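None of the values given here were measured: they were computed from a predicted structure. A, B, ... follow the sequence lines: proteins, then strands. Residue 1 opens every chain.
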Amino acid sequence: MATKVTPLSGFPELLPAERLLELHFLDTIREVFELHGFTPIETRAVEPVERLLGQGGDADKEIYGLRRLAADDEDKGAELGLHFDLTVPFARYVLEHAGKLDFPFRRYQIQKVWRGERPQQGRFREFTQADIDVVDVGALAPHFEAEMPLVIAEVFSRLPVGEFHIQVNNRKITEGFYRGLGLTDNAGTLRIVDKLDKIGAANVRALLVESGATEEQAAGCLALAEIRSDDTSFVDQVRALGVDHPVLDEGLAELAAVIETGRSVAPGVLVADLRIARGLDYYTGTVYETQLVGGEAWGSVCSGGRYDSLASDGRTTYPGVGISIGVSRLVHLLIDNRGLTTSRRTPAAVLVAVTDEESRPHSTAVATALRARGIPCEVAPKADRFGKQIRYADRRGIPYVWFPGGRDDSGERPDQVKDIRSGEQVEADPSTWVCPDADLRPAVVTLTR
RNA sequence: GUGGGUGUAGCUCAGCUGGUAGAGCGCUGCGUUGUGGUCGCAGAUGUCGCGGGUUCAAAUCCCGUCACUCACCCCA
């Protein structure tokens, strides 16, 4: 069947060089997560739809349903859906395996997730997230809320992402403030205020009034949303607005603690920003959002928050806090906007040339010797003219070509290896030859355009 | 789901008010009997998204459809 192949919207695929770049990111993320003692798990791709919809029950989460094509109408069973994040499956996992886990339980999880929303720049239907979470039994110590973004900051400091800001807010601040103002539709208000960056203060004010707020209440919401600071001075700024509510007090204290810890451990990374509201609806306290400086149009590349009642079996509640790197969005942003890629489109550092098919075993032996010492290499597929074999390497970005020696009229000739970037060619022995560490793996590079 | 834009060579695109398909890059070969990149010469490649309509004639005009894309919603 010769059907035309076309891309599937929202299901991106990378070419080899970019996939190598993504793997570099994934390797770095995993390494830092493990350095911080997070333990790996993987959950199945599907959950019962009922669980995915959760307590909220709002069906507009754009969940992909799953069913057997051969299933007939009677064959109902549990309805399954692909998970749309890693936190909900994790909460279920904790409940299911609580008896065998050690609390507080720190885990990391790097997997694909699916959302049926309309794709756009940086928004896919299938994408990879890298999550860390900590859950405990009954109560969760607040210092974990400061730890999460600091781990992320360490990940990002090892990746070529440039400058970034992790913005932190606390849902109790907005909720307490709105209630103190006399506004009851917390989620609705938050949603409108969240558009501030996009549509401006005047439009937000108009929308708030349209939704039933008074001019004074709208002004209050905007004033709160304007507040941001990289220290705890935001507390006084909020106090100055003259709104009082016990939930607001709680939120201010919690956020102040997070910012204070952040300041002492990694100055300049965390910013209290009282306008940020995004994130899933199960967050109950601290929420995080991360923007790359210059990449604001792509939205947050890393978000999360604290959830107090996501995992509960009725008797025991396991509160948690977590944060998730949007690996696909981050990598695509850097590829598309900053021309990031890798120095070659294969892991191979060396191409071992083949003189003629009779001597292919010699070339294979060279490759085996190199691999034994951790040097990635491949043997030329065809005993072409050396010019063509060099071009084969050049196309792929392989930096070295190995020429096997042998016997000719002038006697025994040693192996030689050529750096095809500089043209330098030297005699070499496959059991001792080394290349600079920088050449061993594909390097991250920026395309000059 | 709603609204806008776009579908022509592997890629980026040109092709006016209809006259039978082009450029650049890339690719293949040769100059260069085993050492590439530059340069020169030669060459290959298209159901012009799909279906229908108008017409002597459609990539071009009309209708439909599909896909991609941007925005809204929502979010990594």
Side-chain angles (χ1 to χ4, degrees), chain A residues 2-12 15 25 29 56 58-63 83-87 110-131 152 187-188 190-192 194-195 198-199 207 276-283 287-292 295 297-305 322-333 351 353-357 359 380 382-404 406 408 413 416-425 449:
Chain A
T3 45
K4 193 172 181 178
V5 290
T6 54
L8 249 187
S9 178
F11 295 84
L15 290 170
F25 275 60
I29 289 167
D58 54 280
D60 54 320
K61 267 180 181 164
E62 297 291 4
I63 292 165
H83 56 223
F84 63 88
D85 70 3
L86 300 179
T87 309
I110 302 173
Q111 282 181 248
K112 286 275 172 64
V113 304
W114 295 267
R115 293 183 192 174
E117 294 154 356
R118 274 278 200 281
Q120 278 172 45
Q121 175 177 256
R123 309 185 47 192
F124 311 110
R125 288 177 156 173
E126 177 181 72
F127 58 99
T128 300
Q129 289 194 321
D131 272 43
I152 297 304
L190 214 47
R191 197 164 297 143
I192 294 171
D194 187 47
K195 297 181 196 300
K198 212 169 221 172
I199 65 176
L207 281 176
I276 81 143
R278 289 190 192 170
L280 287 321
D281 49 14
Y282 44 70
Y283 295 132
V287 288
Y288 317 101
E289 194 166 301
T290 310
Q291 310 238 332
L292 257 43
W298 286 64
S300 173
V301 293
C302 178
S303 325
I323 194 162
S324 174
I325 302 174
V327 179
S328 302
R329 173 178 290 179
L330 180 64
V331 169
H332 278 86
L333 188 165
L351 175 75
V354 175
T355 307
D356 48 49
E357 286 305 328
S359 69
K382 251 180 93 184
D384 272 323
R385 303 187 341 237
F386 282 168
K388 284 196 176 181
Q389 298 194 45
I390 291 171
R391 193 166 62 174
Y392 176 97
D394 191 36
R395 291 267 162 77
R396 289 161 177 75
I398 299 172
Y400 298 97
V401 176
W402 191 285
F403 298 108
D408 65 6
R413 268 191 333 195
Q416 296 198 323
V417 64
K418 174 179 184 132
D419 181 336
I420 64 174
R421 297 161 300 188
S422 63
E424 188 190 2
Q425 186 166 331
R449 305 186 263 203

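Remark: A:S9 is in phosphate contact with B:U69, judged by side-chain N or O atoms under 4.0 Å from OP1 or OP2. For the OP1/OP2 pair of B:G36 and a distance below 4.0 Å, the side-chain nitrogens and oxygens of A:Q389 include no atom meeting the criterion. Within the 4.0 Å cut-off from OP1 or OP2 of B:C72, not a single side-chain nitrogen or oxygen of A:K195 is found.
More than 90° away from 0 lies the glycosidic angle of B:G37, which makes this nucleotide anti.
The CG-P distance, from A:L292 to B:A76, rounds to 16 Å in whole Å. One atom, CZ of A:F124, and another, P of B:C68, lie 14 Å apart when rounded to the nearest Å. Counting to the nearest Å, the P atom of B:A71 and the NZ atom of A:K198 are 8 Å from each other. One can place CG of A:L207 at 13 Å from P of B:C72, the figure rounded to the nearest angstrom. As rounded to whole Å, 8 Å separates atom P of B:A76 from atom CZ of A:F127. Rounding to whole angstrom units, CD of residue A:E62 and C1' of B:C72 are separated by 13 Å. When rounded to the nearest whole Å, the span between CD of A:Q121 and C1' of B:C68 equals 15 Å. Between the CH2 atom of A:W298 and the C1' atom of B:C70 there is a distance of 13 Å, given to the nearest Å.
In this entry B:A44 has no Watson-Crick or G-U wobble partner, no candidate having both defining distances under 3.5 Å. B:G64 is paired with B:C50 under the criterion used here, namely a Watson-Crick or G-U wobble arrangement in which both key atom distances are under 3.5 Å. Across all strands shown, the partner of B:G22 is B:C13, judged by Watson-Crick or G-U wobble contacts whose two distances both fall under 3.5 Å. Pairing of B:G3, defined by two Watson-Crick or G-U wobble distances under 3.5 Å, is identified with B:C70.
Taking the C1' atom of each, B:A9 and B:A59 are spaced 14 Å apart, rounded to whole Å. Rounded to whole Å, the separation between the P atoms of B:C41 and B:G49 comes to 33 Å. Nucleotides B:C63 and B:U55 place their C1' atoms 16 Å apart, quoted to the nearest Å. For the C1' atom pair drawn from B:C50 and B:A58, the interatomic distance equals 15 Å after rounding to whole Å. Spacing between B:G18 and B:G24 at atom C1', rounded to whole Å, works out to 27 Å. As rounded to the nearest Å, B:U8 and B:U47 have P atoms that lie 11 Å from one another. The same atom, P, is picked in B:G3 and in B:U65; the two are 12 Å apart, to the nearest Å. Only the C1' atoms considered, B:A21 is 13 Å distant from B:U45, to the nearest whole Å.
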query = When you look at A:K195 and A:L207, which way does the side chain to side chain contact (heavy atoms under 4.5 Å, CB included) test go after all the steps?
reply = CA-CA 10 Å; A:K195 297 181 196 300; A:L207 281 176; 4.3 Å; yes
message = Using side chain to side chain contact (heavy atoms under 4.5 Å, CB included), reason through A:I323 and A:D131 one step at a time and then give a plain yes or no.
response = CA-CA 6 Å; A:I323 194 162; A:D131 272 43; over 6 Å; no
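For B:G36, its base sits under 3.5 Å from the side chain of A:D394 at one donor and acceptor pair at least. The base of B:A76 sits within donor-acceptor range of the side chain of A:R115, with an N or O pair under 3.5 Å. Side-chain to base pairing of A:Q425 with B:U35: one donor and one acceptor N or O lie within less than 3.5 Å of each other.
Between B:C74, B:A71, B:U35, one nucleotide has an atom nearer to the side chain of A:F403 than all others, and that is B:U35. The side chain of A:Q129 has B:A76 as its nearest neighbour among B:A76, B:C74, B:C72. Side-chain proximity of A:Q416 to B:U35, B:A76, B:C72: nearest is B:U35. Minimum atom distance to the side chain of A:L8 is reached by B:C68, of the listed B:C70, B:C68, B:U35. Considering only side-chain atoms of A:P7, the nucleotide from B:C68, B:A76, B:U35 that sits closest is B:C68. Side chain of A:S303, nearest nucleotide from B:C72, B:A76, B:U35: B:A76.
Mapping A:A383 and A:R191 onto RNA chain B via the closest heavy atom, the residue that lands nearer the 5' end is A:A383. Toward the 5' end of RNA chain B, the nearer of the two residues A:D419 and A:Y283, judged by each one's closest nucleotide, is A:D419.
Once rounded to the nearest 0.5 Å, the distance linking CZ of A:R413 with OG1 of A:T355 reads 7.5 Å. With values rounded to the nearest 0.5 angstrom, A:D194 atom CG is found 7.0 Å from A:E289 atom CD.
Judged by distance alone, with hydrogens and angles left aside, the side-chain atoms of A:S328 form a donor-acceptor pair with the main-chain N or O of A:T128 at under 3.5 Å. At least one donor-acceptor pair under 3.5 Å links the side chain of A:S300 to the backbone N or O of A:T290. Between the side chain of A:Q389 and the main chain of A:V354, a donor-acceptor pair closer than 3.5 Å is present. Checking side-chain atoms of A:R329 against main-chain N and O of A:W298 turns up a donor-acceptor pair under 3.5 Å. Under a 3.5 Å cut-off, the side chain of A:E424 and the backbone N or O of A:D419 do not form any donor-acceptor pair. Judged by distance alone, with hydrogens and angles left aside, the side-chain atoms of A:R421 form no donor-acceptor pair with the main-chain N or O of A:P399 at under 3.5 Å.
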Polar-atom pairs under 3.5 Å, protein N or O versus N or O of nucleotides 26-32 of chain B: list them with distances, or write none.
| residue | atom | partner | partner atom | Å |
| --- | --- | --- | --- | --- |
| B:C27 | OP1 | A:R395 | NE | 2.9 |
| B:C27 | OP1 | A:R395 | NH2 | 3.1 |
| B:G29 | OP1 | A:K388 | NZ | 2.7 |

Can you tabulate the close N/O pairs, meaning under 3.5 Å, that link protein atoms to atoms of nucleotides 2-13 of chain B?
none

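Across A:A353 and A:A380, no two heavy atoms sit closer than the pair CA-CB, 4.2 Å.
You'll find the ring centres of A:H332 and A:F127 outside the 6.0 Å limit.
Counting any heavy atom pair closer than 4.0 Å across all strands shown, A:G299 reaches no nucleic acid atom. Within 4.0 Å (heavy atoms only), A:R125 reaches no atom of the nucleic acid at all. Using a 4.0 Å heavy-atom cutoff across all strands shown, A:Y392 reaches no nucleic acid atom at all.
Ring stacking is absent between A:F386 and B:G36, as the pair misses the limits of under 5.5 Å between centres and under 30 degrees between planes.
Geometric assessment of A:R115 against the ring of A:F124 yields a negative cation-pi assignment under the 6.0 Å and 45° thresholds.
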